[in-house]
Amino acid sequence: MQALNFPKYSFRFKNKENKLSIFDDIRKKFVVLQPEEWVRQHCLLYLIQEKNYPKSLINVEKELIINNLKKRYDVVVFNTDGSIHLIVECKAPTITINQDTFDQVARYNLELNATYLMVTNGLNHYYCQMDFKQERYQFLKDIPDYNS
């Protein structure tokens, strides 16, 4: 798989029926290794190992309903009170991050009300903090470390 703009991490792999899988420590199972999954697994370890986000507050690939349509978010990090701290939208490295990508995560956030948004294709990472009063987001250099 392609080298990404994250620190180097160790992963568990499994090859079954000529399909390579990677172990997802949050979902506690092997998942087929697609380019977007490669980005998601790096992002998860970045949040856990670099930003100190507790595994117990991280949720991966869950369904939500937006305008009566079923959608799936990539990663959500909760606050201890159950509110949502961060939404992460992961794309494959070949996907260019553009306004459509931000619009997608912003639509998800209309339902989820996260304080922070992160969009990454593994090569480029963008971080935003929501300003709910002004109904917009402000770009940040990085997301804050987790502090309980």
Side-chain angles (χ1 to χ4, degrees), residues 1-80 82-130 137 139-148:
M1 290 305 268
Q2 181 175 352
L4 301 177
N5 188 12
F6 281 106
K8 297 274 186 247
Y9 297 115
S10 297
F11 297 100
R12 289 173 45 202
F13 298 99
K14 178 171 80 173
N15 200 338
K16 186 177 178 188
E17 298 169 11
N18 284 335
K19 284 194 176 167
L20 188 60
S21 295
I22 188 168
F23 189 76
D24 182 319
D25 208 28
I26 302 299
R27 292 179 276 183
K28 300 283 188 230
K29 66 179 184 177
F30 281 93
V31 290
V32 175
L33 183 56
Q34 301 287 349
E36 183 179 313
E37 191 62 45
W38 183 237
V39 172
R40 182 171 24 251
Q41 292 305 315
H42 276 80
C43 186
L44 287 168
L45 288 183
Y46 173 76
L47 293 173
I48 294 163
Q49 294 183 15
E50 313 307 322
K51 295 295 179 178
N52 299 313
Y53 283 80
K55 286 183 198 176
S56 61
L57 297 178
I58 299 174
N59 212 314
V60 175
E61 284 249 290
K62 294 290 186 207
E63 193 174 89
L64 68 155
I65 308 289
I66 297 178
N67 296 330
N68 295 321
L69 298 172
K70 290 183 180 182
K71 302 289 183 181
R72 277 181 125 34
Y73 61 70
D74 286 309
V75 178
V76 162
V77 180
F78 291 92
N79 292 307
T80 53
S83 63
I84 297 179
H85 179 74
L86 168 70
I87 302 173
V88 182
E89 180 60 30
C90 300
K91 298 293 183 190
T94 54
I95 303 295
T96 302
I97 294 174
N98 56 25
Q99 189 61 49
D100 290 342
T101 316
F102 281 98
D103 290 346
Q104 178 184 359
V105 77
R107 275 192 305 276
Y108 290 1
N109 205 33
L110 290 174
E111 282 295 312
L112 300 173
N113 294 315
T115 306
Y116 296 97
L117 309 176
M118 176 180 175
V119 178
T120 181
N121 63 4
L123 304 173
N124 300 299
H125 319 300
Y126 299 93
Y127 313 96
C128 305
Q129 182 172 8
M130 293 303 300
Y137 45 82
F139 283 91
L140 305 171
K141 288 192 183 336
D142 200 353
I143 52 170
D145 289 357
Y146 180 83
N147 50 20
S148 48

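- No donor-acceptor pair closer than 3.5 Å links the side chain of Asp103 to the backbone N or O of Ala106.
- Annotation: side chain of Val31 is in contact with side chain of Ile22 (closest heavy-atom distance under 4.5 Å).
- In this structure Phe30 satisfies the ring pair (Phe, Tyr, Trp, His ring centres under 6.0 Å) test together with Phe23, sequence neighbours excluded.
- Proximity of Trp38 to Gln34: side-chain heavy atoms (C-beta onward) are nowhere separated by under 4.5 Å.
- In terms of heavy-atom proximity, Cys90 sits nearest to Arg40 at SG-CA, 3.8 Å.
- Taking the six-membered ring where the residue is Trp, Phe11 and His42 present tilted rings, their angle falling between 30° and 60°.
- When all heavy atoms of Phe6 and Gly122 are compared, the closest pair comes out as CE1-CA, 3.8 Å.
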Stepwise side-chain contact (heavy atoms from CB on, under 4.5 Å) test for Asn113 and Ile84:
CA-CA 7 Å; Asn113 294 315; Ile84 297 179; over 6 Å; no
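- Proximity of His125 to Val119: side-chain heavy atoms (C-beta onward) are nowhere separated by under 4.5 Å.
- Here CG of Leu4 is found 8.5 Å from CG of Asn121. Values are rounded to the nearest 0.5 Å.
- With values rounded to the nearest 0.5 angstrom, Ile95 atom CD1 is found 12.5 Å from Thr120 atom OG1.
- Here the CG atom belonging to Asn109 is positioned 8.5 Å from the OG1 atom belonging to Thr115, to the nearest 0.5 angstrom.
- Side-chain contact check for Tyr116 versus Pro144: some heavy-atom pair is nearer than 4.5 Å.
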Run the side-chain contact (heavy atoms from CB on, under 4.5 Å) check on Asp24 and Leu44 step by step: do they pass?
CA-CA 9 Å; Asp24 182 319; Leu44 287 168; 4.1 Å; yes
Any chance you could lay out the side-chain contact (heavy atoms from CB on, under 4.5 Å) test for Phe78 and Ser83, step after step, and finish with the verdict?
CA-CA 6 Å; Phe78 291 92; Ser83 63; over 6 Å; no
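- A salt bridge links Glu37 to Arg27: one of the charged nitrogens lies within less than 4.0 Å of a carboxylate oxygen.
- Under a 4.0 Å N-O distance rule, the pair Lys91/Glu36 does not qualify as a salt bridge.
- Of the listed residues (Ile58, Leu47, Val76, Ile143), just one forms a side-chain contact (heavy atoms from CB on, under 4.5 Å) with Val88, and that residue is Leu47.
- Between Lys51 and Asp142 there is a salt bridge, since at least one side-chain N of the basic residue sits less than 4.0 Å from a carboxylate O of the acidic one.
- Among residues two or more places apart in sequence or in another chain, the salt bridge (Lys or Arg N to Asp or Glu O under 4.0 Å) test is passed with Asp100 by none.
- The line from CG of Leu112 to CE of Met130 is 11.0 Å long, rounded to the nearest 0.5 Å.
- Distance check, rounded to the nearest 0.5 Å: CD1 of Ile87 to CD of Gln104 gives 10.5 Å.
- A side-chain donor from one of His85 and Tyr53 sits under 3.5 Å from a side-chain acceptor of the other.
- Counting only N and O atoms by type, the side chains of Glu89 and Tyr126 include no donor and acceptor under 3.5 Å apart.
- The distance from the NZ atom of Lys55 to the NZ atom of Lys28 is 5.0 Å, given to the nearest 0.5 Å.
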Apply side chain to side chain donor-acceptor pair (under 3.5 Å) to Glu50 and Tyr9, showing your working.
CA-CA 11 Å; Glu50 313 307 322; Tyr9 297 115; 3.0 Å; yes
Candidate pair Tyr73 and Asn59, rule side-chain contact (heavy atoms from CB on, under 4.5 Å), full reasoning:
CA-CA 9 Å; Tyr73 61 70; Asn59 212 314; 3.5 Å; yes
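- Contact of the Val39 side chain with the Pro93 side chain is registered, since non-hydrogen atoms from C-beta on lie closer than 4.5 Å.
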